[in-house]
S.K.: 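Handing you this structure, nothing more for now.
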Amino acid sequence: MEVVAVIDFETTGLSPAQGDRATEVAAVILEDGKVVDRYQSLMNTGVRIPPFIESLTGISNEMVRRAPPAAQVMQDVSDFVGDRPLVAHNASFDSKFWDAELARIERSRRQEFVCSLLLSRRIFPLAPSHKLGALVEYANLPVAGRYHRALADAEMAASLLLCLEGELRERHQVSEVSVELLRRIQRVPKGQLKKCIARELSR
DNA sequence: TGCCAGGCCCTCTTTAGGGCCTT
C-alpha cells in the first residue's frame, strides 16, 4: 500500500455547519506496515466545549485555552500530511472538519479520504459493532491509549487499516492492496466483495 | 421556546424511515 496519513479529530460537537469546531487533531504516517511519524496537537478555536464532550474526551476548556491557535495547528498538520491519501474512521465526519478548518486558513484539501468504517463493514461484516473501539477488540488489536483522544484513535485506526489490509491479502489473496482498491471496496454493495476483488485483480 | 448533522445502509423501500457511526 502507498504511504497514507491516518487522521482523527476531537471536536466540540458533530457538525461544523452548526458552529462546532475542532479541539484536537492527530495524524500518523503509515509506511510499509508501520507508523513512521506522528503529529498531535490540541487547538484553540475560542469555542466553548460542552460538559458532555469534556467528559467524553477528557479535553477541557482550560486545556484548549492554553493550546496553540487553530490556524497554526491546521497549517502544521496540513503540512505534515502533505499530499498523502487520508484515512479516517467514519471519514464523512473527519473530512467535514478537515475541510472546514482548512477553509478558515484559506487552504483546501487536495486528496481523497479512505474510510476504515466503510471498509470494516465490507471486510468484517460479522463484527458485532463497527465502532472503532469494538473493532479493536474484535480484531484483537492493541489499545493505543485513551479512546476519544486524537492520537490514540488515529493509532488504532491505523492498526485497523493494517488489519483490514492483512485480511485482503490472506483471505482474499490480494497481493497488492492499493489505496485505489480500498476506495473501490468501500463502495461495494453488500455480498459483492469477492466479485469486486476478482474484477479488480483481473484489470 | 424548542430545536439543532449527515452519509451510509438496510428493509416491513424507492413518493420512506430508522439505525449506525463520528464528537
Side-chain angles (χ1 to χ4, degrees), chain A residues 5-28 40-65 67 70 73-74 77 86-104 109 111-139 141 143-161 163-164 182-193 195-196:
Chain A
V6 185
I7 71 155
D8 186 73
F9 276 109
E10 303 307 316
T11 70
T12 63
L14 294 173
S15 173
Q18 299 292 315
D20 292 319
R21 297 291 304 275
T23 58
E24 185 178 52
V25 64
V28 301
Q40 179 187 34
S41 181
L42 291 165
M43 51 202 278
N44 184 0
T45 64
V47 171
R48 186 151 191 85
I49 305 171
F52 165 71
I53 304 288
E54 281 190 321
S55 168
L56 178 73
T57 65
I59 298 171
S60 68
N61 282 288
E62 180 58 27
M63 288 164 68
V64 295
R65 199 159 32 238
V73 174
M74 286 309 299
V77 71
L86 295 172
V87 181
H89 197 68
N90 198 6
S92 70
F93 174 85
D94 290 279
S95 63
K96 279 188 304 186
F97 280 93
W98 183 262
D99 292 348
E101 295 293 348
L102 274 191
R104 289 175 177 272
R109 173 161 56 93
Q111 65 273 67
E112 291 297 313
F113 269 87
V114 169
C115 179
S116 58
L117 168 63
L118 296 181
L119 286 171
S120 65
R121 281 178 176 158
R122 269 71 179 185
I123 297 169
F124 291 139
L126 299 181
S129 160
H130 295 89
K131 292 180 183 179
L132 180 59
L135 288 164
V136 164
E137 186 174 347
Y138 178 77
L141 301 173
V143 176
R146 177 184 171 142
Y147 285 108
H148 294 300
R149 285 303 299 265
L151 184 58
D153 281 2
E155 298 248 19
M156 288 187 280
S159 293
L160 175 60
L161 183 70
C163 175
L164 293 168
L182 294 177
R183 284 203 193 105
R184 291 181 190 276
I185 286 175
Q186 70 183 15
R187 302 289 178 195
V188 175
K190 186 184 180 186
Q192 294 189 23
L193 177 60
K195 195 186 296 182
C196 167

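Proteins come first, then strands; the chains are lettered A, B, ... in the order of their sequence lines, and each starts at number 1.
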S.K.: Would you call Arg149(A) and Glu24(A) a salt bridge, using N to O less than 4.0 angstrom?
M.R.: yes
S.K.: Expressed as a whole number of Å, how far does the C1' atom of dT23(B) sit from that of dG7(B)?
M.R.: 16 Å
S.K.: Do Thr12(A) and Asp20(A) get their side chains close enough for a donor-acceptor pair, meaning under 3.5 Å?
M.R.: yes
S.K.: Is His130(A) close enough to dC20(B) that one of its side-chain N or O atoms is under 4.0 Å from OP1 or OP2 there?
M.R.: no
S.K.: Once rounded to the nearest 0.5 Å, what's the spacing between atom CZ of Phe113(A) and atom CD of Gln111(A)?
M.R.: 7.0 Å
S.K.: Could you tell me how far apart Leu132(A) (CG) and dC20(B) (P) are, to the nearest whole angstrom?
M.R.: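 Value for this atom pair: 17 Å.
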S.K.: Between dA16(B) and dC12(B), how far is it from one C1' atom to the other, in whole Å?
M.R.: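 11 Å, rounded to whole Å.
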S.K.: Of Cys163(A), Ser116(A), Ser120(A), Ser129(A), which is the lone residue that meets side-chain contact (heavy atoms from CB on, under 4.5 Å) with Leu135(A)?
M.R.: Ser120(A)
S.K.: Less than 4.0 angstrom between a side-chain N/O of Arg187(A) and OP1 or OP2 of dC8(B), yes or no?
M.R.: yes
S.K.: Would you call the rings of Phe97(A) and Phe9(A) parallel, tilted or perpendicular, where under 30° means parallel and over 60° means perpendicular?
M.R.: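 Tilted, since the angle between the ring planes falls between 30° and 60°.
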S.K.: Measuring only the C1' atom in each nucleotide, how far is dT14(B) from dC10(B)? A whole number of Å is fine.
M.R.: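 Their C1' atoms lie roughly 13 Å apart.
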S.K.: Relative to the 5' end of DNA chain B, which residue comes earlier, Arg122(A) or Asp153(A), by the nucleotide with the nearest heavy atom?
M.R.: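 Upstream on the strand: Arg122(A).
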S.K.: Could you state the NZ-P distance from Lys131(A) to dC8(B), rounded to the nearest angstrom?
M.R.: 21 Å
S.K.: Does dC21(B) have OP1 or OP2 under 4.0 Å away from a side-chain N or O of His89(A)?
M.R.: no
S.K.: Out of the candidates Arg184(A), Gln186(A), Gln192(A), only one should pair with Val188(A) under the side-chain contact (heavy atoms from CB on, under 4.5 Å) rule; please name it.
M.R.: Gln192(A)
S.K.: If you restrict it to nitrogen or oxygen atoms, what contacts under 3.5 Å exist between nucleotides 4-6 of chain B and the protein, and what is each distance?
M.R.:
none

S.K.: Mapping Asp94(A) and Pro189(A) to their closest nucleotides on DNA chain B, which lands nearer the 5' end?
M.R.: Pro189(A)
S.K.: Using a heavy-atom cut-off of 4.0 Å across all strands, would you classify Asp8(A) as base, sugar-phosphate, or nothing?
M.R.: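 Here Asp8(A) touches the backbone only, sparing every base.
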S.K.: Rounded to whole Å, please give me the gap between CE in Met156(A) and C1' in dC21(B).
M.R.: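 Whole-Å distance recorded here is 15 Å.
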S.K.: Can you check the Arg121(A) CZ to dT22(B) C1' distance for me, whole Å?
M.R.: 11 Å
S.K.: Considering only side-chain heavy atoms of Leu117(A), which listed nucleotide, dT22(B), dT23(B), dC21(B), is closest?
M.R.: dC21(B)
S.K.: Any side-chain heavy atom of Val28(A) within less than 4.5 Å of one from Ile7(A)?
M.R.: no
S.K.: Base, sugar-phosphate or nothing for Thr57(A)? Non-hydrogen atoms, less than 4.0 Å.
M.R.: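 The residue Thr57(A) makes sugar-phosphate contact but no base contact.
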S.K.: Take the protein atom CG of Leu118(A) and the nucleotide atom P of dG19(B), then report the distance between them rounded to whole Å.
M.R.: 20 Å
S.K.: So Phe9(A), base contact, sugar-phosphate only, or nothing? Heavy-atom distance under 4.0 Å.
M.R.: sugar-phosphate
S.K.: Using the salt bridge (Lys or Arg N to Asp or Glu O under 4.0 Å) rule, collect all pairs that involve residues 46-61 of chain A, keeping only residues at least two apart or in two chains.
M.R.: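 Checked against salt bridge (Lys or Arg N to Asp or Glu O under 4.0 Å) - neighbours excluded - no pair reaches residues 46-61 of chain A.
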S.K.: For dT13(B) and dC8(B), measure between their P atoms and round to the nearest Å.
M.R.: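 About 22 Å, rounded to a whole number of Å.
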S.K.: Quote, to the nearest angstrom, the P distance that separates dC4(B) from dG19(B).
M.R.: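 My reading of the P atoms in dC4(B) and dG19(B) gives 15 Å.
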S.K.: Report the distance from atom CG of Asp20(A) to atom P of dT23(B), rounded to the nearest whole Å.
M.R.: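 After rounding, the reported distance stands at 13 Å.
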S.K.: Within this structure, what is the CD-to-C1' distance between Gln186(A) and dT22(B), rounded to whole angstrom?
M.R.: 15 Å
S.K.: Base, sugar-phosphate alone, or nothing: which one does Ser129(A) contact when heavy atoms must sit under 4.0 Å apart?
M.R.: sugar-phosphate
S.K.: Whole angstrom is fine here: how far is it from CD1 in Ile7(A) over to P in dT23(B)?
M.R.: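 In whole Å, dT23(B) P and Ile7(A) CD1 are 12 Å from each other.
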